[in-house]
Structures are given as structure tokens and as C-alpha cells.
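Before any comments, here is the structure.
Reminder, nothing fancy here: chain letters follow the sequence lines and each chain counts from 1.
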Protein chains: 2
Amino acid sequence: MALQHAIMTALLEDDMSGFELARAFDASLGFFWRATHQQIYQELKKLSQKKLLDSKSVPQVGKPRKILYAITPAGRAAMDKWVYEESRVQEAKDDLFVKLYNLSSDNVPQLISELERRREQVMQRLYLYEKIRRGHYENPETLPIRRKGIYLALDWGTQHGEQFLQWCDGALEMLTSCKDMPT
Amino acid sequence: MALQHAIMTALLEDDMSGFELARAFDASLGFFWRATHQQIYQELKKLSQKKLLDSKSVPQVGKPRKILYAITPAGRAAMDKWVYEESRVQEAKDDLFVKLYNLSSDNVPQLISELERRREQVMQRLYLYEKIRRGHYENPETLPIRRKGIYLALDWGTQHGEQFLQWCDGALEMLTSCKDMPT
DNA sequence: CTTTACATGTAACTCGTTACATGATTAA
DNA sequence: TTAATCATGTAACGAGTTACATGTAAAG
């Protein structure tokens with residue numbers, strides 16, 4: 001049920017529409033909890049029904065009307081409570097490693113290209129993190145406390161990405177040597 | 001649909017019952033794709049229906065009967081095909097970082113203890129990896145190719161865990177200084 | 001006689017994905 | 001008039017979780 005909490009997290013900063021939330025997820029929170037717009041719209045509806053969010057239709061000039069959501073006092077209380085609760089352990093789910101369990105002389109080239117693809121994706125993500133860091137998190141010690149939390153999350157993302165690249169290089173080396181001298 | 005593939009991966013090595021599979025997941029494959037016994041039993045049934053697995057009831061002495069599953073030629077073919085397919089990007093889903101986005105002077109102590117809890121869990125996992133490595137993967141270069149893949153997966157797990165510990169220490173330091181001098 | 005390990009399941013529910021559907025406004 | 005951006009949804013399905021249910025056999 002963390003998507004609901006991720007949505008409310010974003011709404012603590014600013015009132016937003018479903019569409020704006022979807023963009024906000026793409027730009028930041030979604031690094032740690034991905035969501036499609038469909039799911040966001042559904043969860044917004046549920047949160048409204050539970051009175052954790054208020055909604056109002058806002059007409060716009062030159063654009064279709066949007067539905068703005070704002071967190072209610074009950075919503076804030078629910079968030080405070082949630083942060084206090086113990087979260088369950090992160091779930092390990094990644095095809096890539098299951099595929100590695102299936103490594104054979106036949107599929108080495110396939111796994112090499114899969115790793116190269118992942119490597120490229122992770123590098124792109126790292127560029128993005130670097131851009132955000134330079135733009136908003138140059139001096140972490142001087143940030144207000146809320147921003148420090150975000151900084152720490154992004155810092156994890158950065159280190160995690162760098163670690164992946166490092167591992168990936170070693171893995172590619174090993175796989176390449178498998179390909180060259182198959183047994 | 002990767003749980004089905006993870007199950008077949010395990011069955012490539014050995015015929016197993018649902019119960020044995022659940023244990024195998026706890027001991028190794030589950031590091032990368034967690035599953036409960038309920039889900040495993042359900043997926044085994046589906047895989048049997050699709051003729052990717054054969055099942056037979058095996059009586060045992062001193063224990064209840066078990067249902068042994070074996071991968072069929074069609075199952076092997078499906079696995080080969082799956083490894084060849086492009087896997088979708090890994091899904092980022094972790095409460096912890098969403099909670100960090102909610103950092104405030106009120107919940108700093110809570111997040112500190114959450115991090116300490118995680119740190120402990122990761123250390124335990126690292127001990128386990130280390131034990132496995134010493135037992136079975138001392139000389140990765142000399143392993144048969146399939147085992148090299150598993151080695152690489154475990155190696156990723158190890159590096160990933162170590163990276164987390166490192167990040168965690170930095171994060172705890174920052175959070176502790178927040179607690180000491182609140183603004 | 002009680003606990004632990006072995007062994008297999010069902011039902012209800014929530015979460016997440018994919019495909020489909022609609023429509024306004026602006027710029028080329 | 002066509003494409004791009006903004007904006008909100010529904011329906012069907014598949015994946016995953018939680019709670020519940022049942023029973024055998026060994027060991028203490």
C-alpha cells in the first residue's frame with residue numbers, strides 16, 4: 001500500500017492533479033516507487049473516498065480542466081503514522097539474476113547483450129541523478145531537513161548505480177572469457 | 001511471469017516437490033525472486049497444466065507423500081526462449097526511500113532505527129553469502145559455466161549489500177547530526 | 001501429549017499491468 | 001489536418017499477499 005503513501009508524500013509539498021503527479025513520479029519519487037498514470041488515478045480516487053485527500057475541479061485557460069488534489073489533516077496524520085510503522089523488507093525481484101542462474105554456453109552472448117543494455121540504462125539514470133544533484137543538492141549539510149532525506153535517497157541511487165556498473169564490468173569480463181573459450 | 005521461470009530454473013537442476021522448491025527458494029534463488037509456498041504451489045499447478053512440467057505422487061517412508069515435479073522437453077524449450085527474450089527493466093519499489101522523502105525533525109529517530117534494522121538484516125544476508133561463497137564458489141574461474149552465472153548473481157548480491165552498508169553509515173551520521181541540532 | 005518438521009492446498013483480497021477509450025487545445 | 005501535449009479515465013487480467021485449513025510422522 002505504499003503507492004498511496006508515495007502519492008501523499010508528493011502532495012505534502014504541493015497540491016497536484018493526477019497528471020502532474022504522474023510527471024512528478026517520473027522526475028523524482030518514481031526512482032524509488034514506480035507507478036503508471038492509470039494506477040495513480042485509481043489510488044487518488046481511493047484516497048479521496050477515504051477522506052485522506054480533497055479534490056476540486058480546476059478550469060484552465062488553453063488547457064482541459066484538471067482535478068487538483070490536496071492532502072487533508074487526516075491524510076497528514078496517516079502519513080505521520082505510516083513513517084512510524086515498521087516497513088517490510090524490500091522484495092528482491094529481478095529477472096536478470098534468475099537468467100544468470102540459467103547461464104549456459106548457448107546463451108552467453110544473449111546475457112552479454114542484456115548486461116550491456118542494463119549498463120546503458122543505469123548510466124543514463126546516473127547522468128540524471130548527477131544533474132539533479134548539481135541543480136539542487138550541492139551542499140547537503142545546509143539543506144532543510146526534508147530535503148536532506150531526499151538527498152540521502154538520491155545518494156543511495158547514485159551509489160547503487162555506480163556499484164552496478166562496477167559489477168557489470170566484472171561480469172562482462174567473465175562472460176566474454178566464457179564465450180571465447182567454451183567448454 | 002518470472003516466478004514460473006524461476007521455478008523451472010530450479011527444476012533444471014533437480015526434480016523437486018513444492019515443499020522442496022520453497023526451501024530451495026529460501027536458500028538461493030529467492031535472493032533474487034522471493035516467493036511464498038502458496039504462490040509456488042499455484043504456479044506449479046499452472047505449469048503442469050501447460051505441460052511444461054510433469055508431476056507424480058511419490059510415497060515416502062516416515063513422511064507424508066509428496067508430489068515431484070520434473071521439467072518436460074517443452075519446459076526446457078520455454079526456458080531457452082525466455083532467456084533469449086529481453087527482460088523489462090527492474091522495478092524500483094522500496095518504502096524506505098519514500099519514507100526518507102518524508103524526513104522531518106519529528107521522525108528522525110524513527111528513521112534512524114529503521115536504518116539500523118535494515119543494516120542488521122543486510123549484514124545477516126552478507127554473512128550468508130559469504131558462507132555460500134566459501135562453501136561453493138572459492139575459485140570462480142574454474143567453475144562450470146552454469147555455476148559461473150550463479151556466482152555472478154551472488155557476487156552482485158554481495159557488492160550490493162556492502163554498498164548498502166556503506167551508504168547506511170553515511171546516512172546514519174547525517175541523521176544523527178540532524179537529531180542533535182534540530183532546526 | 002505436545003511440539004516440530006514435513007507436506008499441500010483454498011479463498012479472498014490487494015496491487016500492478018496492459019489495452020482500450022475519450023476528448024480539449026495548440027502549433028506546424 | 002495532423003501531430004503533440006494536456007488530461008482523465010475503464011475493464012480485464014495477472015501477480016502477489018494474507019488468512020485459513022488440513023493432515024502425517026517423528027522426537028522429546
Side-chain angles (χ1 to χ4, degrees), chain A residues 1-8 15-27 29-30 32-50 53 55-69 82 86-95 98, chain B residues 1-8 15-27 29-30 32-50 53 55-69 82 86-95 98:
Chain A
M1 193 168 300
L3 176 54
Q4 298 198 351
H5 296 107
I7 287 172
M8 287 197 280
D15 297 353
M16 276 188 263
S17 67
F19 192 83
E20 289 162 343
L21 270 166
R23 271 192 314 197
F25 267 72
D26 287 342
L29 246 178
F32 307 103
W33 201 280
R34 232 165 30 73
T36 58
H37 81 267
Q38 292 92 334
Q39 217 190 332
I40 290 171
Y41 283 120
Q42 281 172 17
E43 298 301 329
L44 281 171
K45 212 168 270 182
K46 287 185 203 163
L47 286 166
S48 290
Q49 278 164 15
K50 286 195 279 182
L53 298 183
S55 65
K56 60 175 172 185
S57 187
V58 175
Q60 298 180 101
V61 283
K63 289 179 191 175
R65 70 95 179 68
K66 65 182 179 182
I67 302 171
L68 253 200
Y69 291 90
W82 175 68
E86 206 170 314
S87 64
R88 53 177 161 189
V89 197
Q90 82 278 24
E91 39 205 297
K93 299 240 152 143
D94 199 326
D95 291 33
V98 179
Chain B
M1 193 168 300
L3 176 53
Q4 298 198 352
H5 295 108
I7 287 172
M8 286 197 281
D15 297 354
M16 276 188 264
S17 67
F19 192 84
E20 289 161 343
L21 270 166
R23 270 192 315 196
F25 267 71
D26 287 344
L29 247 177
F32 307 104
W33 202 281
R34 233 165 27 74
T36 58
H37 81 266
Q38 292 93 333
Q39 217 189 332
I40 289 171
Y41 283 120
Q42 281 170 16
E43 298 301 328
L44 282 171
K45 212 167 269 182
K46 288 184 202 164
L47 286 166
S48 290
Q49 279 164 15
K50 287 196 278 182
L53 298 182
S55 65
K56 59 175 174 186
S57 188
V58 176
Q60 298 179 101
V61 284
K63 291 179 190 175
R65 70 95 179 69
K66 65 181 176 181
I67 301 172
L68 251 200
Y69 290 90
W82 174 69
E86 207 171 312
S87 64
R88 53 178 160 190
V89 197
Q90 83 276 23
E91 40 206 294
K93 300 238 153 147
D94 198 327
D95 291 34
V98 179

Please check the phosphate of [N] (OP1 and OP2 only) for any side-chain N or O of [X] closer than 4.0 Å.
X       : N      : result
A:Arg23 : D:dC6  : yes
B:Tyr41 : C:dT8  : yes
A:Lys45 : D:dT10 : yes
A:Ser17 : D:dT8  : yes

Figure out the [atom1]/[atom2] separation between [X] and [N], and round it to whole Å.
X       : N      : atom1 : atom2 : result
B:Leu44 : C:dA7  : CG    : C1'   : 13 Å
A:Met16 : D:dA7  : CE    : P     : 13 Å
A:Asp26 : D:dC6  : CG    : C1'   : 14 Å
A:Gln60 : D:dT5  : CD    : P     : 17 Å
A:Glu20 : D:dA7  : CD    : C1'   : 10 Å
A:Phe19 : D:dA4  : CZ    : P     : 15 Å
B:Lys66 : C:dG9  : NZ    : P     : 14 Å
B:His37 : D:dC20 : NE2   : C1'   : 10 Å

Tell me whether B:Glu20 contacts the main-chain N or O of B:Ser17 through its side chain, where contact means a donor paired with an acceptor under 3.5 Å.
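Yes: the side chain of B:Glu20 pairs with the backbone of B:Ser17.
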Compare all side-chain heavy atoms of A:Asp95 with those of B:Trp33 and state whether any distance is below 4.5 angstrom.
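Sidechains of B:Trp33 and A:Asp95: in contact.
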Do B:Ser48 and B:Leu53 touch side chain to side chain, with heavy atoms closer than 4.5 Å?
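SC-SC contact between B:Ser48 and B:Leu53 confirmed.
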Minimum heavy-atom distance A:Arg65-A:Gln60, with the two atoms named
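What the structure gives for the nearest pair is C-NE2, 4.2 Å.
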Closest heavy-atom contact between B:Leu3 and B:Ala35?
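For B:Leu3 versus B:Ala35, the nearest heavy atoms are CD1-CB, 3.7 Å.
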Using rotation axes that map the C1' atoms of four end pairs onto the next four (five pairs an end), what angle separates the end axes of the helix from C:dC1-D:dG28 to C:dA28-D:dT1, to 10°?
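End-to-end axis angle: 20°.
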What nitrogen or oxygen pairs link the protein and nucleotides 25-28 of chain C at under 3.5 Å?
from: C:dT25; atom 1: O3'; to: A:Gly62; atom 2: O; distance (Å): 2.8

Summarise how protein sits on nucleotides 11-16 of chain C as a single string, 5' to 3': B when a protein heavy atom is under 4.0 Å from the base, S for sugar-phosphate-only contact, - for no contact.
B---SS
